[in-house]
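A quick write-up on the structure given underneath.
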Amino acid sequence: LGNFKILLGSLVKDEKIDLALKIFSELQGSSLVPDTFVYNVMVNGLVKSNRIDEACKLMDSMKQLNLSPDLITYSSILDGLGKVGRLEEAFSVFTKLAEEGYEPDVVAYTSLMDVLGKGGKVNHALTIFRTMAKKKCVPDVVAYSSLIDSLGKEGRVEEAYYFFEDSKRKGCTPNVGLYSTLIDSFGKKGMVDRALDLYEEMQRKECLPNTVTFNNLISGFAKAGKVNVAEKLFEEMEHKGCFPDVVTYNILIDGFGKVGMIEEAESYFKDMKLKGVVPDVITFTSLIESLGKAGKVMNACELFDTMEEEGCSPN
RNA sequence: AAUUAUGGAAUUA
């Protein structure tokens with residue numbers, strides 16, 4: 001059974017859920033008795049593939065083996081329901097777990113908070129955050145990040161910043177994920193100076209920026225039309241040994257395209273291929289749109305025709 | 001003491 005767990009876990013991580021399901025059914029047909037742990041691996045795998053109905057069915061089928069879903073099973077399901085916008089059902093999973101006598105932990109609270117916050121119910125998420133603290137459940141960096149991200153996505157950046165400072169007061173050490181989250185919030189609001197302040201702060205505190213950090217910074221500047229700074233940051237990220245990915249290039253191609261600097265956009269397109277970063281459907285869409293708007297319709301059509309040979313199907 | 005693959009947070013058209 002231990003080997004099954006390791007195998008299924010790695011398949012789920014690689015998003016090979018169909019193969020995992022096949023092997024799981026072999027396990028069910030064998031003399032080995034699956035436990036809650038191995039069910040959790042599968043439930044989570046289905047959730048990650050957005051197959052929430054199957055995940056729920058699998059959870060329900062545990063009863064036949066006299067297994068009970070635990071806090072982890074419920075948290076996975078809650079998260080999955082929320083991600084597909086089924087907020088009420090997600091909430092009722094939280095209620096149910098409490099009714100069954102489980103004490104929600106920081107992960108269960110954060111899952112619920114995240115679902116509410118991303119589902120446009122930020123004030124409700126705030127309430128949950130406060131409830132959690134009252135229940136002596138200490139919010140960690142991920143809990144703060146989720147809340148800060150939700151506030152930021154609503155444009156409530158000063159509140160987001162308040163909670164960032166609050167996390168430090170309460171003894172949390174912001175990590176690269178938290179810094180990146182808040183940098184994104186400020187960037188999207190056009191407050192690029194605040195985003196830069198955070199970038200400097202994290203380096204003072206020896207928290208290393210990663211590709212997402214740079215992507216968020218670059219995106220903020222690009223969206224504000226400050227493509228020259230975006231370009232500088234791109235160079236800086238390469239100097240710091242942080243590799244640009246397809247998202248980095250997409251941001252730059254879109255940014256330069258939107259301000260009509262088509263040659264620069266095209267040069268990033270060349271550069272990415274040179275560096276082995278494979279363009280995706282977003283890359284092509286941005287560049288085609290920019291070429292079209294610049295009146296280079298022929299070039300746009302030609303680019304469209306190369307998509308298939310570059311292994312990218314138009315959507 | 002730490003580690004030893006089940007759940008929660010961040011980026012692009």
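Every chain is numbered from 1, with letters handed out A, B, ... down the list of sequences.
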Any [X] side-chain N or O less than 4.0 Å from OP1/OP2 of [N]:
{"X": "A:K48", "N": "B:G8", "answer": "yes"}
{"X": "A:K153", "N": "B:A9", "answer": "no"}
{"X": "A:K83", "N": "B:A9", "answer": "yes"}

By the 4.0 Å heavy-atom rule, please label [X] as base, sugar-phosphate, or nothing.
{"X": "A:S111", "answer": "sugar-phosphate"}
{"X": "A:A222", "answer": "nothing"}
{"X": "A:V115", "answer": "nothing"}
{"X": "A:D245", "answer": "nothing"}
{"X": "A:L78", "answer": "nothing"}
{"X": "A:S146", "answer": "sugar-phosphate"}

Compute whether any side-chain donor of one residue and acceptor of the other, for [X] and [Y], lie under 3.5 angstrom apart.
{"X": "A:N216", "Y": "A:S219", "value": "no"}
{"X": "A:N250", "Y": "A:T283", "value": "yes"}
{"X": "A:S111", "Y": "A:D79", "value": "no"}

- Task: Compare the minimum distances between each of B:U6, B:A5, B:G8 and the side chain of A:K13, then state the nucleotide with the smallest one.
- Result: B:A5

- Task: State which residues pass ring pair (Phe, Tyr, Trp, His ring centres under 6.0 Å) with A:Y268; sequence neighbours excluded, sorted by chain then number.
- Result: A:F234, A:F256

